[in-house]
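A quick write-up on the structure given underneath.
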Protein chains: 4
Amino acid sequence: MSTAKPVRKRRKEARPGELLAAALALFVEKGYAATRLDDVAARAGVSKGTLYLYYASKEALFKAVIQEGIVPVLAENEAIAASHEGSSFSLLEKLLDHWWTRIGCTAFAGIPKLIVAEAQNFPEIASYYTTNVIARGRALVGAALSRGVSSGEFRPCDVEQTIDVIIAPLLMLLIWEHSLVHCGQPALQPRAYLATHLALLQRGLCAARV
Amino acid sequence: MSTAKPVRKRRKEARPGELLAAALALFVEKGYAATRLDDVAARAGVSKGTLYLYYASKEALFKAVIQEGIVPVLAENEAIAASHEGSSFSLLEKLLDHWWTRIGCTAFAGIPKLIVAEAQNFPEIASYYTTNVIARGRALVGAALSRGVSSGEFRPCDVEQTIDVIIAPLLMLLIWEHSLVHCGQPALQPRAYLATHLALLQRGLCAARV
Amino acid sequence: MSTAKPVRKRRKEARPGELLAAALALFVEKGYAATRLDDVAARAGVSKGTLYLYYASKEALFKAVIQEGIVPVLAENEAIAASHEGSSFSLLEKLLDHWWTRIGCTAFAGIPKLIVAEAQNFPEIASYYTTNVIARGRALVGAALSRGVSSGEFRPCDVEQTIDVIIAPLLMLLIWEHSLVHCGQPALQPRAYLATHLALLQRGLCAARV
Amino acid sequence: MSTAKPVRKRRKEARPGELLAAALALFVEKGYAATRLDDVAARAGVSKGTLYLYYASKEALFKAVIQEGIVPVLAENEAIAASHEGSSFSLLEKLLDHWWTRIGCTAFAGIPKLIVAEAQNFPEIASYYTTNVIARGRALVGAALSRGVSSGEFRPCDVEQTIDVIIAPLLMLLIWEHSLVHCGQPALQPRAYLATHLALLQRGLCAARV
DNA sequence: TATGAATGAGTATTCATTCAT
DNA sequence: AATGAATGAATACTCATTCAT
């Protein structure tokens, strides 16, 4: 090409998304503190100054990454739960499957580790996340559990504690894959891991069939 | 004063431990990047220069914190497993209880979050940890599982995956308590959470009694 | 609308003046370094790019503010002096009064402080100012003094030094009101201050009446 | 010398003074905003980091320069006034002379211009200055004036306004010499200027001798 | 051993200036 | 003429590390 400088593209609409994607990738790869804004800008193909045109600070960028990345998926799962008609256990399976497809396999899978790693430094983000993601996720699982217990499909149990015990291995899976995996630790096999989790749950939750 | 000398003596030998304790506390409280060596030194009551007499760099200090803090407990649990005589499930209960007492309730409980948060930046630490802690912990649980399956106490299952599904909620508990808890998220109730986990496991693992 | 066009027309011609007014206000309020061109443009109701259509740089804008703001008044005072017919002291009073009305009470009153504050950084401005404002002002006062001395109205004196001693309190008044006044310092009372200055001068300058 | 690096001198006691002197010189020469901390450090012969060992920020450094530089002189002039025994006008002369010797001829002479230039940006400094310098200076002059009026040496006058009219030319002299002088403006002749000021004052203030 | 003064590389942030539209 | 997105040089400030004492 004869144009040495394809610089100064006018991309106002596309920019925020590009910046967020670049930032997500780097935050997930290096952690918050170790990510330099120069690198984020470079990866998004803009100058550092441009980045500040869209996000007022590194912190603001981080918050935007979290907020844009995660919340939308919750609504989808809530819709799934609302329209479900089969057994309660099959609802749990469906929710899990959707979560895996929309988060677990994607770049967003790195966010829980980010949250956990930076929660002390960014309390507002952490509480934003707990309010808008964790709490809504717990509510979904809790409703499925209560529904199953009411119908006799599940044994009576301490619902609140059970929610956490169900969710913990899922979060741990993502966290694991974005931390120790990179250091020679053999990767988990997510599908088999999730299957085992579900199988244990089924046995653990469901009332004995006579 | 006659006590001046002994005090200084005791100090000299206690230094590494004091430094490690100070560093652990601060790393756990603020994370690696946000912990300043000035603060570590101040908390240990020495000058920054002295710190470098014992640890060659911030990274070396971090590694020492992790290594000194974690490994010793594993050996204890291995001894417990070796001398156990009851059911396989009661062995799992015993191991869990010891782990909780020696790690879960202590300052060391902050380490898994640290590892997870810094694994990418410190691959050597992460692999040290996986080799010396995770792998040995998984082996312990795996042995108990196999023992139970062999004896007919547990249903046949995919042992490797089950190990992770058993351990994940435990790690998640510690990670949780050192991250989101600080931001208005209601604290988990560790005892009830662990009890629920065990109850689910018992139902999920054990063969039906005729 | 039928008025759309005329408005735009008027704008086009008014632009430089609007920009200069906005710039004067902000330079006076915040000082040169702390004034951002974004703010100047915003206050004038145009984009930053437009500003550069009229002034080639921040420095050029600053120079224009000073030059446009100050020089015109001098000519008026020179005309006053040329047509004066009463006593020399009453000429000094007249000049002072006009200066106060046209500069001292207006937004231009902030300029001397600006000049003083930025003289080192903008030597050209400073010399422009000394040549076109200070020198002409001193000449006016000097002429009045010489006239009074010649006529015997004033005592003989070192005219050059006396000029400065007469002017200094006037400049100081403006500088004062644009600096320390903003910080809890009780405002001067310009009228009384000027009156006192004149009274002292009258006694100090005028030959004793027998 | 064979030592290529005479670095890392241990100068804890001398440092603050050296840094303050360097900062005073540069602030006076270039103004606050245009002074770079690198340059201050370089002029003091230390690294930038060292500067931050003594002053927490550029602003703190600026404040220290002002506070250390100016206040001490006031006390001296207060002592002179307290022990004075001659005429009130000779007291004014003495105060003026001391002020000129301790401030007017020294590097500190640049401070009033600094204050005036930065008052809007640093209101705390400006009010510190007005309280600790201006107010005390005015009190000194005011006391001398009142004393002279009471004794009949001076004509009755508006003391408060007269104070300002006396002080203004002095401040203006310093401000002038640190601003316009650098740009081709012929320097004032301070001695002659001060003499003229005093002569005018004497005629203006003193009661006619019969 | 222990100190703490000194260093300087590293980075977030600002803002005057440019230029494609 | 007017816009406003994009640029990048400039700079205050931090903190791990060194070293003379």
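Keep in mind the model is a prediction, meaning the values are calculated, not measured. Lettering follows sequence order; numbering is per chain, from 1.
Checked by atom type, the side-chain pair T50(A)/S47(A) shows a donor-acceptor distance below 3.5 Å.
Distance check: T130(C) OG1 to L180(D) CG gives 6.5 Å after rounding to the nearest 0.5 Å.
Shown are K30(C), K113(C), H178(C), E29(C); of these, the side chain to side chain donor-acceptor pair (under 3.5 Å) with Q120(D) is made only by K113(C). Among F108(A), F62(A), F122(A), the single residue meeting the ring pair (Phe, Tyr, Trp, His ring centres under 6.0 Å) criterion with F27(A) is F62(A).
Put simply, the side chain of K48(C) and the base of dT17(E) share a donor and an acceptor less than 3.5 Å apart.
The phosphate of dG4(F) has neither OP1 nor OP2 within less than 4.0 Å of any side-chain N or O from S47(C). Not one side-chain nitrogen or oxygen of Y52(D) sits closer than 4.0 Å to the OP1 or OP2 atom of dC15(F). Distances shorter than 4.0 Å separate some side-chain N or O of T50(D) from OP1 or OP2 on dT7(E).
Backbone-only contact: L37(B) has heavy atoms under 4.0 Å from sugar-phosphate atoms and none from a base. When heavy atoms are screened at a 4.0 angstrom cut-off, Y55(C) is found touching no nucleic acid atom at all.
Between G49(A) and G49(B), the one whose closest nucleotide on DNA chain F sits nearer the 5' end is G49(A). DNA chain E is contacted by both T35(A) and Y54(D); Y54(D) maps to the nucleotide lying nearer its 5′ end (nearest heavy atom per residue).
For K58(D) and dT14(E), the NZ to C1' distance is 13 Å, given to the nearest whole Å. Summarising the geometry, the separation between CD on E59(C) and C1' on dT17(E) is reported as 14 Å, rounded to the nearest angstrom. One can place CG of L61(D) at 13 Å from C1' of dC13(F), the figure rounded to the nearest angstrom. The CG-C1' distance, from L53(C) to dT18(E), rounds to 12 Å in whole Å. Following rounding to the nearest Å, D39(D) (CG) and dA10(F) (C1') show an atom-to-atom distance of 12 Å. Per the geometry, CG belonging to L51(C) stands 10 Å off P belonging to dA16(E), to the nearest Å. Between K30(D) atom NZ and dA10(F) atom P the separation is 15 Å, expressed in whole Å. To the nearest angstrom, P of dT1(E) lies 13 Å from CG of L19(B).
Across all strands shown, dT14(F) is found opposite dA9(E) as a Watson-Crick or G-U wobble partner, with both distances under 3.5 Å. Pair check for dA20(E) finds dT3(F); Watson-Crick or G-U wobble, both atom distances under 3.5 Å.
In this structure, T35(A) contributes its side chain and L26(A) its backbone to a donor-acceptor pair below 3.5 Å.
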